[in-house]
Amino acid sequence: MDQQTTGLLGCSSCSLPCPTPPMETPGLIVHGEAAPFSTALRSLVNNPLYSDVRFVVGQERQEVFAHRCLLACRCNFFQRLLGSEPGPGVPSPVVLSTVPAEAFLAVLEFLYTNSAKLHRHSVLEVLMAAVEYGLEELRELCLQFVMKVLDVELVCEALQIAVSFGLGPLQERCVAFIEAHSQETLRTRGFLELSAPALLLLLRSDKLCVDEAELVLAARSWARVGAAVLERPAAEVAAPVVRELRLALLAPAELSALEEQNRREPLIPVEQIVEAWKCHALRRGDAARGAPCRRRRGTLPRKHHRFLDLPFK
């Protein structure tokens, strides 16, 4: 083989130019239709076909089938729970007793298809599961849905979840809703089931559209329910919240009646009632330290209110 021929084959000693290879064109990502793909994956939700992990969920202990690889790649919680490979380290079935079956299936639907059908009666349970499993996108979708469907029957339960999980925007939305619908909300079962920290948020508000006399009655009902559930005295249950009741807003006759009832059924510290009487005696809202005298938005007018400082604006 001569030198020239060798050069054409790519020898570095050849003086002839070698042909330049064509430049590779950049790849292009093409997308098929999303709907058939989503439908196909949705068909695998709770489908024993090819399933390699089984859950028992909720108090009803419903059996739910799933696919380990999909759960693990979509959610760090399940990746840690299930491990990287099937084996004796992962119990079968996996028991998740705190999440209701309907909520867990909604979570699975979201993990499989990135969408989920939410319902008013179960969205708060889906929200709690999303928070527990670290599914931020599903959590935000649930929050948006809750804020759209919020009503008197749902708001206290939503407030409780917001307080428990530190969901600030939902907490603010719930408090604002209760401020506008105070009387209706106080009559709900959800109000009676609020925790002390959640109730404190409400009692500290100046914007509640309810009179103080009704608020005192509602607080007493709340304490009775808590006492029955916790098997503790009502006064002990109420201790964290009753200081926020604005007893000085009550008329003397109402305060006397409250004092008499408090002797029969202790709920409010005696010194708190004494402080309210001081406000009446001195005719100054700021005269007794620790006795809040600001009127709320729903406070009914009484003759002595003209002596109170800091009216609601």
Subject >> Donor-acceptor under 3.5 Å (Asp211 side chain, Thr299 main chain) >> reply: no
Original post:
Counting distance only, does the side-chain N/O of Arg42 pair as donor-acceptor with the main-chain N or O of Phe37 below 3.5 Å?
Top reply: no
Original post:
Parallel, tilted or perpendicular: which fits the ring planes of Phe177 and His181, with parallel below 30° and perpendicular above 60°?
Top reply: parallel
**OP:** Please confirm whether the backbone N or O of Gln79 pairs with a side-chain atom of Arg68, one donor and one acceptor, at under 3.5 Å?
**Re:** no
**OP:** To the nearest 0.5 Å, tell me how far Glu214 CD sits from Ser182 OG.
**Re:** 9.5 Å
Subject >> For the student: nearest non-hydrogen atoms of Leu105 and Val64, plus distance >> reply: CD2-CG1, 3.9 Å
Original post:
Can you list the steps and then say if Arg220 with Glu265 is a salt bridge (charged side-chain N to carboxylate O under 4.0 Å, His left out)?
Top reply: CA-CA 10 Å; Arg220 187 175 291 278; Glu265 185 182 7; 3.4 Å; yes
Original post:
Between Ser205 and Glu179, what is the shortest heavy-atom contact and its length?
Top reply: OG-OE2, 2.6 Å
**OP:** Please report the shortest heavy-atom distance between His280 and Ala248, naming the atom on each side.
**Re:** NE2-O, 3.7 Å
**OP:** Could you check if a side-chain atom of Arg297 sits within less than 4.5 angstrom of a side-chain atom of Val210, using non-hydrogen atoms only?
**Re:** no
**OP:** Just do the side-chain contact (heavy atoms from CB on, under 4.5 Å) check on Arg264 and Gln261 with the steps written out, would you?
**Re:** CA-CA 5 Å; Arg264 299 191 306 269; Gln261 183 179 16; 3.8 Å; yes
**OP:** Kindly work out whether a path of hydrophobic side-chain contacts (I/L/V/M/F/W/Y, heavy atoms less than 4.5 Å apart) joins Leu300 to Leu203.
**Re:** no
Original post:
Quick one: does Leu247's side chain get under 4.5 Å of Val216's, heavy atoms only?
Top reply: yes
Subject >> CG on Leu186 to CG on Leu217, rounded to 0.5 Å >> reply: 10.0 Å
Original post:
Which pair of heavy atoms, one from Ala129 and one from Val107, lies closest together, and at what distance?
Top reply: CB-CG2, 3.8 Å
**OP:** For the pair Arg243 and Glu275, find out whether any cationic side-chain nitrogen is under 4.0 Å from an anionic carboxylate oxygen.
**Re:** yes
Original post:
Does Asn47 reach the main-chain N or O of Ser43 with its side chain, forming a donor-acceptor pair under 3.5 Å?
Top reply: yes
Subject >> Heavy atoms of other groups near Arg189 CZ, more than 12 under 6.0 Å >> reply: no
**OP:** May I ask you to check if Arg74 and Phe110 form a cation-pi contact, with NZ or CZ under 6.0 angstrom from the six-membered ring centre and within 45° of the axis?
**Re:** yes
Original post:
For the residue pair Phe78 and Phe104, does the interplanar ring angle fall in the parallel (under 30°), tilted (30 to 60°) or perpendicular (over 60°) class?
Top reply: perpendicular
Subject >> Those residues that, when tested against Glu63, pass side chain to side chain donor-acceptor pair (under 3.5 Å) (two or more places apart) >> reply: Arg54
Subject >> Whether over 12 other heavy atoms sit under 6.0 Å from Glu33 CD >> reply: no
**OP:** Determine, stepwise, if the pair Leu194 / Leu202 fulfils side-chain contact (heavy atoms from CB on, under 4.5 Å).
**Re:** CA-CA 10 Å; Leu194 285 175; Leu202 301 180; 3.9 Å; yes
Subject >> Side chain proximity check, Asn76 to Tyr133, heavy atoms < 4.5 angstrom >> reply: no
Original post:
Will you find, in the side chains of Glu102 and His119, an N or O donor that is under 3.5 Å from an N or O acceptor?
Top reply: no
**OP:** First locate atom CG of Leu167, then atom CE of Met128, and finally report the distance between them rounded to the nearest 0.5 Å.
**Re:** 11.0 Å
Original post:
Side-chain heavy atoms under 4.5 angstrom apart, residues restricted to Ile, Leu, Val, Met, Phe, Trp, Tyr: same cluster for Phe65 and Leu81?
Top reply: no
Subject >> Connected via hydrophobic side-chain network under 4.5 Å: Val229 and Leu199 >> reply: yes
**OP:** Decide if atom CZ of Arg61 counts as having more than 12 heavy atoms of other residues, nucleotides or ligands within a radius under 6.0 Å.
**Re:** no
Original post:
Checking Glu60 side chain against Ala101 main chain: does a donor-acceptor pair fall under 3.5 Å?
Top reply: yes
Subject >> Straight-line distance of Leu135 CG to Glu140 CD, nearest 0.5 Å >> reply: 12.0 Å
Original post:
When clusters are formed by joining ILVMFWY residues with side-chain heavy atoms under 4.5 Å apart, either directly or through shared neighbours, do Val270 and Val242 land in the same one?
Top reply: no
Subject >> Side-chain heavy atoms of Val56 within contact of Leu96, under 4.5 Å >> reply: no
Subject >> Closest approach of Asn46 to Pro48 (non-hydrogen atoms, all atoms of both residues) >> reply: O-CD, 3.8 Å
Subject >> Distance-minimising heavy-atom pair for Ala66 and Ser51 >> reply: O-OG, 2.7 Å
Subject >> Test item: side-chain donor near acceptor, Glu193 and Trp222, under 3.5 Å >> reply: no
**OP:** For residues Ser97 and Val57, determine if any side-chain heavy atom of one lies less than 4.5 Å from a side-chain heavy atom of the other.
**Re:** no
**OP:** Before accepting this row, confirm whether a basic side-chain N of the pair Glu109/Lys117 lies closer than 4.0 Å to the acidic partner's carboxylate O.
**Re:** no
**OP:** Decide side-chain contact (heavy atoms from CB on, under 4.5 Å) for His67 and Tyr112; before the verdict, give the C-alpha distance in whole Å, the side-chain angles of both, and the deciding distance to 0.1 Å.
**Re:** CA-CA 10 Å; His67 304 81; Tyr112 279 68; 2.7 Å; yes
Subject >> Audit row: Ser164, Gln160, side-chain hydrogen bond (donor to acceptor under 3.5 Å, both in side chains) steps and yes/no >> reply: CA-CA 6 Å; Ser164 299; Gln160 185 59 63; 3.2 Å; yes
Original post:
Any chance CD of Glu136 has more than 12 other-residue heavy atoms, nucleotides or ligands included, within less than 6.0 Å?
Top reply: no
**OP:** With sequence neighbours left out, write down each residue that passes salt bridge (Lys or Arg N to Asp or Glu O under 4.0 Å) with Glu254, or none if nothing qualifies.
**Re:** Arg302
Original post:
Step by step, would you call Leu143 with Val146 a side-chain contact (heavy atoms from CB on, under 4.5 Å)?
Top reply: CA-CA 5 Å; Leu143 287 173; Val146 171; 5.7 Å; no
Subject >> Between CG on residue Leu127 and CG on residue Leu170, distance to nearest 0.5 Å >> reply: 7.0 Å
Subject >> Separation between OG1 of Thr188 and CD1 of Ile178, rounded to the nearest 0.5 Å >> reply: 8.0 Å
Original post:
Between Arg246 and Asp206, is there a side-chain N and carboxylate O pair less than 4.0 Å apart?
Top reply: yes
